[in-house]
Amino acid sequence: MQELIEELYHRYLPIREGKLADYIPELAKANPDSFGISLVTAQGQCYEVGDCGRKFTIQSISKPFVYGIALEDFGREEVLRRVGVEPTGDAFNSIIRLDEASKRPYNPMVNAGAIATSNLIAGASPADRLNRLMAVFAAYVGHEVNPDMAVFLSERSTGHRNRAIAHLMLNFRMIGPNVDEILDLYFQQCSLLVTSSDLAWMAATLANGGVNPGSGVRALPRQYVRDLLSVMFTCGLYDFSGEWAYRVGLPAKSGVGGGMLAVAPGRLGIGVYSPLLDERGTSVRAIRVCQELSSRLGLHVFDQTESILSESGS
Ligand code: GLU
């Protein structure tokens, strides 16, 4: 495993395609050469290469994990009433797509759905809700996580599109009148600082049924693990989700900070950091690494179909 990720690191390090995100001005300060690959098995063995300790903001990779908190705090039916689970085939920040009849956002991975989901974290005050969020992320990664204040403020002062999305949802009564509080929480969750190693531990926790395999701490009730993985599988890569499912076959999530995680259920978690992004806002090197790990390790979730049928004798 270690040899394999070192081979991939050296193969993809020279790639210079893609560009840094700059619509959140602070993100344009990242080092384009940074590149880290981390793997953590569902048993807690860890393999790493490159800049695995380099911190970056989690951005949209926070979305499925906050969806998990919403499920835990409000239950499946109430969350489904507020946010759907249908892929849109649209970009992450698409503004126009609320379901015509229900006015629900289509899924919790596009920004509209993610903002509506941030509104479903239980707590008596904004500080309570932020503390709840940070405690859950700490359980996934195995140590404390904190927001990057500069990135938070940068997005908060320039996130007009997200503000417009939130106000549109307020217009349809899909979120409450405390729009600024909801957006602050969304911007805070996006600005949490993580490493590729942290992402691999988060993915390994999902691969291990919701329990962090290093600490033994449960981060998510078991019954919601499949909900998270399902929306990551169908919607995690936005308008690239179908091709990703076809080629790589792993639930995954990307973020404009340059991170990506992928989950091979029951087997392992992958975390990659490289901030050069393609036109869809996904890390170019991370896509290549995940594609190759999936094919070299036979991780596609449907690769097993044949052996299961032959084992059952049909
Ligand atoms: N905070 C970013 C936004 O809302 C997240 C986008 C992403 O990582 O895809 O625009």
Side-chain angles (χ1 to χ4, degrees), residues 18-30 55-67 83 87-97 105-119 130 133 137 145 147-169 175 179-180 182-194 196 198-199 202 231-232 235-241 244 251-262 271-287 290:
K19 58 188 197 60
L20 299 172
D22 56 6
Y23 77 101
I24 300 173
E26 265 314 288
L27 296 183
K29 295 181 181 168
K55 289 187 179 171
F56 54 92
T57 54
I58 190 166
Q59 298 297 336
S60 282
I61 303 169
S62 61
K63 292 171 179 174
F65 299 92
V66 172
Y67 185 60
V83 186
T88 60
D90 287 343
F92 69 93
N93 55 3
S94 162
I95 200 159
I96 36 154
R97 301 265 288 186
Y106 273 80
N107 68 67
M109 302 293 111
V110 289
N111 285 7
I115 293 166
T117 306
S118 302
N119 186 37
L130 178 61
L133 180 99
F137 278 79
V145 283
D148 179 317
M149 282 312 285
V151 174
F152 164 65
L153 292 172
S154 182
E155 182 163 14
R156 188 198 213 198
S157 59
T158 58
H160 308 301
R161 182 184 280 257
N162 285 329
R163 229 167 260 289
I165 290 173
H167 279 277
L168 188 62
M169 289 194 291
I175 59 173
V179 176
D180 288 331
I182 298 167
L183 281 168
D184 273 358
L185 192 56
Y186 173 71
F187 295 145
Q188 280 158 344
Q189 80 181 53
C190 287
S191 66
L192 289 177
L193 282 167
V194 291
S196 67
D198 293 336
L199 294 183
M202 295 171 81
V231 290
M232 274 169 65
C235 315
L237 277 290
Y238 311 117
D239 44 342
F240 186 47
S241 298
W244 178 269
K253 191 72 204 79
S254 61
V256 292
M260 178 179 246
L261 63 70
V272 185
Y273 173 57
S274 170
L276 289 173
L277 310 179
D278 67 11
E279 66 289 348
R280 294 184 174 100
T282 302
S283 166
V284 176
R285 289 188 186 120
I287 289 178
C290 290

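Just so you know, ligand 1 is whichever comes first in the structure, and atom 1 is the first atom listed for that ligand. Values below: every heavy atom of this structure, side chains too, minus hydrogens, waters and symmetry copies.
- Per-residue contacts place C190 under 4.0 angstrom from the following atoms of ligand 1 (heavy atoms of the residue considered): 1 (N).
- Remark: ligand 1 and S60 share an N or O pair separated by less than 3.5 Å (distance only, no angle test).
- Atoms of ligand 1 found under 4.0 Å from any heavy atom of Y23 (numbered from 1 in listed order, with element): 2 (C), 3 (C), 5 (C), 6 (C), 10 (O).
- Evaluation of the salt bridge (Lys or Arg N to Asp or Glu O under 4.0 Å) rule for D148 yields no partner, not counting sequence neighbours.
- Residue K63 has no N or O atom closer than 3.5 Å to an N or O atom of ligand 1.
- Salt bridge annotation for D278-K19: absent, with no cationic side-chain nitrogen under 4.0 angstrom from a carboxylate oxygen.
- With atom 3 (C) of ligand 1 as the reference point, the heavy atom nearest to it among E155, Q59, M109 is part of E155.
- Residue-ligand proximity, G255 to ligand 1, at heavy-atom distances under 4.0 Å covers atoms 8 (O).
- With sequence neighbours excluded, the residues forming a side chain to side chain donor-acceptor pair (under 3.5 Å) with Q59 are T57, listed by chain and number.
- Inspection of the T117 and Y186 side chains reveals no N or O donor paired with an N or O acceptor under 3.5 Å.
- With a heavy-atom cut-off of 4.0 Å, I61 does not touch ligand 1 at all.
- Residue contacts with ligand 1, taken as heavy atom pairs separated by less than 4.0 Å, involve Y238 solely via side-chain atoms from C-beta onward.
- Residue R161 does not touch ligand 1, judged by heavy-atom distances below 4.0 Å.
- Looking at V256 against ligand 1, both its backbone and its side chain come within 4.0 Å, counting heavy atoms.
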